[in-house]
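Reviewing the structure listed below.
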Amino acid sequence: MNWRSEWLWIEPITGSRRTSNFCRACILFFGSLGFLLVGISSYLGRNLIPVLSSQQILFVPQGIVMCFYGIAGLFISSYLWCTILWNVGSGYDRFDKEEGIVCLFRWGFPGINRRTFLRFLIKDIQAIKLEVQEGLYPRRVLYMEIKGQRDIPLTRTVENFTLREIEQKAAELARFLCVSIEVK
């Protein structure tokens, strides 16, 4: 869903609202809720969930451990649901050749620094860097090298771009900004 013209390039960034995150949060919630209910069932001595029998589970120590895992899972699940609700990590990259400015915007967790907004002059951009690590866990990340500052990542490490896609994206961006491409 990029928007490009001769002078302006706006690229939206997907945050936490992904199908995989919804699936993980749901599985974790229902799994931990099941653990908690089986632990409570072992304490009460009767089944709260008809499908899951807790007759052979003693409250000490198995029921206590299951309650602990259930509560811990519910906390982690609530964290995931909050990141999805707040859409942490979403934002946009805006490259404006007419004004000579690059703007990077991201949403974070609620608080004082919820919004991250970085502005750079296009003339300060030295290169577009491409980091490629192959192997069991391949890593393909695109960076923007800026004079006097550290490299700014433009793609997330969790995004699974193919080598061709990341090279094409780096080439198009470098051509648009009139800078070189470097490979780490």
Side-chain angles (χ1 to χ4, degrees), residues 1-30 75-184:
M1 293 299 245
N2 296 344
W3 190 85
R4 279 187 243 182
S5 71
E6 186 179 340
W7 300 100
L8 184 65
W9 180 342
I10 299 174
E11 184 171 346
I13 305 297
T14 306
S16 299
R17 289 185 187 162
R18 296 171 182 232
T19 307
S20 61
N21 286 349
F22 279 109
C23 292
R24 285 185 190 114
C26 284
I27 290 169
L28 188 59
F29 174 76
F30 288 116
F75 277 118
I76 295 170
S77 162
S78 64
Y79 169 78
L80 286 174
W81 281 112
C82 287
T83 60
I84 291 169
L85 176 72
W86 295 321
N87 204 9
V88 174
S90 67
Y92 63 87
D93 296 340
R94 182 173 176 250
F95 304 94
D96 191 345
K97 286 170 65 174
E98 195 170 64
E99 293 181 19
I101 294 175
V102 174
C103 299
L104 307 176
F105 177 79
R106 300 290 185 277
W107 286 106
F109 288 99
I112 297 170
N113 299 322
R114 171 125 164 84
R115 297 179 191 145
T116 303
F117 188 72
L118 304 172
R119 288 179 83 155
F120 306 103
L121 295 174
I122 288 180
K123 66 180 181 179
D124 289 342
I125 299 173
Q126 292 178 324
I128 299 297
K129 285 189 176 180
L130 182 60
E131 180 182 334
V132 177
Q133 292 177 352
E134 297 298 331
L136 186 58
Y137 299 105
R139 177 182 161 117
R140 299 177 183 111
V141 184
L142 201 59
Y143 293 95
M144 188 168 50
E145 183 182 352
I146 299 173
K147 291 178 191 173
Q149 297 186 14
R150 64 180 184 89
D151 297 345
I152 308 290
L154 295 175
T155 58
R156 296 173 28 173
T157 55
V158 295
E159 294 180 90
N160 294 325
F161 288 112
T162 63
L163 189 57
R164 175 181 224 137
E165 290 172 340
I166 197 79
E167 285 175 345
Q168 183 179 358
K169 187 172 183 172
E172 289 174 359
L173 185 58
R175 192 176 312 117
F176 182 79
L177 297 173
C178 300
V179 295
S180 63
I181 299 176
E182 295 178 7
V183 179
K184 282 186 172 181

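Because the structure is a prediction, the values reported are computed rather than measured.
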### Contact check, side chains of R94 and L8, non-hydrogen atoms, under 4.5 Å
yes

### Message
Would you compute the distance between atom OH of Y143 and atom CZ of R150 and round it to the nearest 0.5 angstrom?
### Response
9.0 Å

### Task
Look at the side chain of S77 and the backbone N and O of L28, then say whether any donor-acceptor pair between them is shorter than 3.5 Å.
no

#### Entry: Short side-chain to backbone donor-acceptor contact, R139 and V132, under 3.5 Å
no

### Query
Does CZ in F75 sit with more than 12 non-hydrogen atoms of other residues, nucleotides or ligands closer than 6.0 Å?
no

### Task
Take atom CZ of F22 as the centre, draw a 6.0 Å sphere, and report whether it contains more than 12 heavy atoms from other residues, nucleotides or ligands.
yes

### Message
Just verifying a value: how many Å separate K123 NZ and I101 CD1, rounded to the nearest 0.5 Å?
### Response
11.0 Å

### Message
Measuring only between side-chain heavy atoms, which start at C-beta, is C26 closer than 4.5 Å to W81?
### Response
yes

### Query
Is the shortest heavy-atom distance from the side chain of C103 to the side chain of F117 under 4.5 Å?
yes

### Task
Would you give the length of the straight line joining atom CD of E131 to atom CG of L142, rounded to the nearest 0.5 angstrom?
10.5 Å

### Message
Atom OH of residue position Y137 - does it have more than 12 heavy atoms of other residues, nucleotides or ligands inside 6.0 Å?
### Response
no

#### Entry: Nearest heavy-atom neighbours spanning R17 and N87
N-OD1, 3.3 Å

### Message
For residues 103-113, which residue pairs pass the salt bridge (Lys or Arg N to Asp or Glu O under 4.0 Å) check, not counting sequence neighbours?
### Response
D93-R106

### Task
Carefully, step by step, assess K169 and L154 under the rule side chain to side chain contact (heavy atoms under 4.5 Å, CB included).
CA-CA 11 Å; K169 187 172 183 172; L154 295 175; over 6 Å; no

### Query
Does any N or O in the side chain of S16 come within less than 3.5 Å of the main-chain N or O of V88, such that one atom is a donor and the other an acceptor?
yes

### Query
With sequence neighbours excluded, what pairs up with F176 under the ring-ring contact (aromatic ring centres under 6.0 Å, His included) test?
W9

### Query
Any salt bridge between R140 and E134, counting N to O under 4.0 Å?
yes

### Task
Mind checking ring-ring contact (aromatic ring centres under 6.0 Å, His included) for W107 and listing every partner two or more places apart, or none if nothing turns up?
F105

### Task
With side chain to side chain contact (heavy atoms under 4.5 Å, CB included) as the test, would you mind laying out the steps for I128 and L177 before giving the verdict?
CA-CA 9 Å; I128 299 297; L177 297 173; 4.1 Å; yes

### Side chain to side chain, V141 and F161, heavy atoms closer than 4.5 Å
no

